Amino acid sequence: MSGLSTPVAYLIFNRPRHTRESFASIKSQQPSTLFIIADGPRDGHPDDRRRCREVREIVEAIDWPCTVLRNYSDVNLGCKRRVSTGLDWVFDHVEQAIIIEDDCVPSAEFYAFCRALLERYAHQEAVWAVSGNSYQPEHRRGDGSYYFSKYPSSWGWATWRRAWRHYQGDVPFLAEWKQSPRWNACFPTSDERRYWGRVFNLVRQSKIDTWDFAWVACVLYGGGLVATPNANLVKNIGFDAEGTHTTEPDEKGSYDLTPLGEIVHPAHIAADREADEFYFRKSFAGQVSLFKRVVRRLTRTVAVQFARWSARAAA
């Protein structure tokens, strides 16, 4: 078979079992250019040095014609800095790339989907990324094999240098954005505004050590669109005790791979509002609702206690 011509960027750390599975998917495609980005061992984690070394040994098993570029850190940079600096390095070298983390296992269709859409929208400034994930397999959106979303996903995706250059990990535009009409236009409901306001504030305050929420903010702020498949093309196997942030089972991570079939392009390039509203309600609104329930419970408790105190005082 001829190899994949689109460059692949592969992010690894300290999980040998996950790396073997995700790297097997990459090997099956035989990419002609492979960027490998590795974080270093953490202080206070005695097994990290051995596990990082084992992971790096796994990805040495390249037995096909391939240009391999490695960016290995000797120290632990953390999720946010390691991924963002690694992708900066990748896009210093190439115009476009498919990006896979060690706990993401793509189907063969994922690579073909990314390759086709990276070429199709290479010069379409409105499109910022290609996703491999479907978080709403019970729905088919639009008239094509994929639709456009305002939300990026990082469990197997692809993008261009022209889009990644907009990444700002400290979201310096947040205060101005929240005071502008574009904030309400982007988040039409109070739940959305409340949820994303809190999350992006934590990013701005460096209280979340992850790159992807900052990327979400940048895409939303820039009005970028993300080509999102009507099939799930990447399986996340990272929801276990070995994860950095994904240590608990998660419904989204359990989605099986589903077939995409022949790629049919949608007639229009515009965000599917219904799909985005459904995605927010399914993936994030429960966290907002939980907060509301806690507040209501506390309010009721205070009211009951006040009523009891008033009754005793009247007696």
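What you see below is based on every heavy atom in this structure, not just the backbone, and it leaves out hydrogens, waters and symmetry mates. Model, not experiment: these values are computed from the prediction.
- The closest donor-acceptor contact from the side chain of Thr33 to the backbone of Thr67 lies at 3.5 Å or more, if one exists at all.
- Between the side chain of Asn76 and the main chain of Pro41, no donor-acceptor pair closer than 3.5 Å is present.
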Worked verdict on Phe284 versus Trp196 for ring-ring contact (aromatic ring centres under 6.0 Å, His included): CA-CA 9 Å; Phe284 304 109; Trp196 289 115; 5.0 Å; yes
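- Applying the 6.0 Å contact sphere to CZ of Arg70 captures more than 12 heavy atoms from other residues, nucleotides or ligands.
- Trp183 and Phe187 have perpendicular rings, their planes meeting at more than 60° on a 0 to 90° scale where under 30° would count as parallel.
- With sequence neighbours left out, the salt bridge (Lys or Arg N to Asp or Glu O under 4.0 Å) criterion links Arg193 to no other residue.
- A cation-pi arrangement is absent between Arg82 and Phe13 under the rule of less than 6.0 angstrom and at most 45 degrees off the ring axis.
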Residue pair Tyr146, Ser131: steps toward the side-chain hydrogen bond (donor to acceptor under 3.5 Å, both in side chains) verdict: CA-CA 10 Å; Tyr146 60 96; Ser131 172; over 6 Å; no
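- Within the hydrophobic cluster formed by Ile, Leu, Val, Met, Phe, Trp and Tyr side chains joined at under 4.5 Å, directly or through other members, Val90 is accompanied by Leu11, Phe35, Ile37, Leu69, Val83, Leu87, Trp89, Phe91, Val94, Ile99, Trp128, Trp157, Trp164, Tyr167, Trp211, Trp215, Val219, Val226.
- Applying the salt bridge (Lys or Arg N to Asp or Glu O under 4.0 Å) rule to Glu262 yields no partners; only residues at least two apart in sequence or on another chain are considered.
- Interatomic distance, Trp160 CH2 to Arg165 CZ, rounded to the nearest 0.5 Å: 13.0 Å.
- Under the salt bridge (Lys or Arg N to Asp or Glu O under 4.0 Å) criterion, Glu125 pairs with no residue, sequence neighbours left out.
- Taking hydrophobic clusters as Ile, Leu, Val, Met, Phe, Trp and Tyr residues chained together by side-chain heavy-atom distances below 4.5 Å, Val55 does not share a cluster with Leu77.
- In this structure, Asn232 contributes its side chain and Ser134 its backbone to a donor-acceptor pair below 3.5 Å.
- For the pairing with Asp103, the salt bridge (charged side-chain N to carboxylate O under 4.0 Å, His left out) check across Arg17, Arg20, Arg15 returns one residue only, Arg15.
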Full working for salt bridge (charged side-chain N to carboxylate O under 4.0 Å, His left out) between Glu21 and Lys235: CA-CA 11 Å; Glu21 193 168 344; Lys235 173 79 172 178; over 6 Å; no
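- Panel note: side chain Arg162, backbone Ala122; a donor-acceptor pair is recorded below 3.5 Å.
- Atom CG of residue Leu257 and atom OG of residue Ser107 lie 5.5 Å apart, to the nearest 0.5 angstrom.
- Residue-environment remark: CZ (Arg56) exceeds the threshold of 12 foreign heavy atoms within 6.0 Å.
- No donor-acceptor pair closer than 3.5 Å links the side chain of Arg42 to the backbone N or O of Pro46.
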Phe148 and Val127: CA distance, side-chain angles, deciding distance, side chain to side chain contact (heavy atoms under 4.5 Å, CB included) verdict: CA-CA 8 Å; Phe148 290 98; Val127 182; 3.8 Å; yes
Test salt bridge (charged side-chain N to carboxylate O under 4.0 Å, His left out) applied to Arg273 and Asp276, step by step: CA-CA 5 Å; Arg273 292 184 174 230; Asp276 284 343; over 6 Å; no
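- Cation-pi geometry between Arg141 and Phe278 is met: under 6.0 angstrom from the ring centre, within 45 degrees of the axis.
- Arg182 is linked by a side chain to side chain contact (heavy atoms under 4.5 Å, CB included) to Glu176, Trp177, Ser180, Tyr221, counting only residues two or more places apart in sequence or in another chain.
- Remark: the backbone N or O of Gly78 is not paired with any side-chain donor or acceptor of Asp209 at under 3.5 angstrom.
- In this structure a side-chain-to-backbone donor-acceptor pair under 3.5 Å is missing from Lys150 to Ala271.
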Derivation of the side chain to side chain contact (heavy atoms under 4.5 Å, CB included) call for Gln96 and Arg115: CA-CA 10 Å; Gln96 59 185 31; Arg115 182 183 67 244; over 6 Å; no
Derivation of the side chain to side chain contact (heavy atoms under 4.5 Å, CB included) call for Asn230 and Ser145: CA-CA 6 Å; Asn230 274 311; Ser145 303; 5.8 Å; no
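- Counting heavy-atom neighbours within 6.0 Å of Asp43 CG, excluding the residue itself, gives a total of 12 or less.
- A donor-acceptor pair under 3.5 Å is formed between the side chain of Glu109 and the backbone N or O of Leu260.
- To the nearest 0.5 Å, atoms CD1 (Ile100) and OH (Tyr111) are separated by 3.5 Å.
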Test log, rule side-chain hydrogen bond (donor to acceptor under 3.5 Å, both in side chains), inputs Thr189 and Asp191: CA-CA 5 Å; Thr189 69; Asp191 279 352; 5.7 Å; no
Stepwise side-chain hydrogen bond (donor to acceptor under 3.5 Å, both in side chains) test for Tyr135 and Ser153: CA-CA 10 Å; Tyr135 300 133; Ser153 174; 2.8 Å; yes
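- Checked against side chain to side chain contact (heavy atoms under 4.5 Å, CB included), Ala126 has the following partners two or more places apart in sequence or in another chain: Gln124, Leu225.
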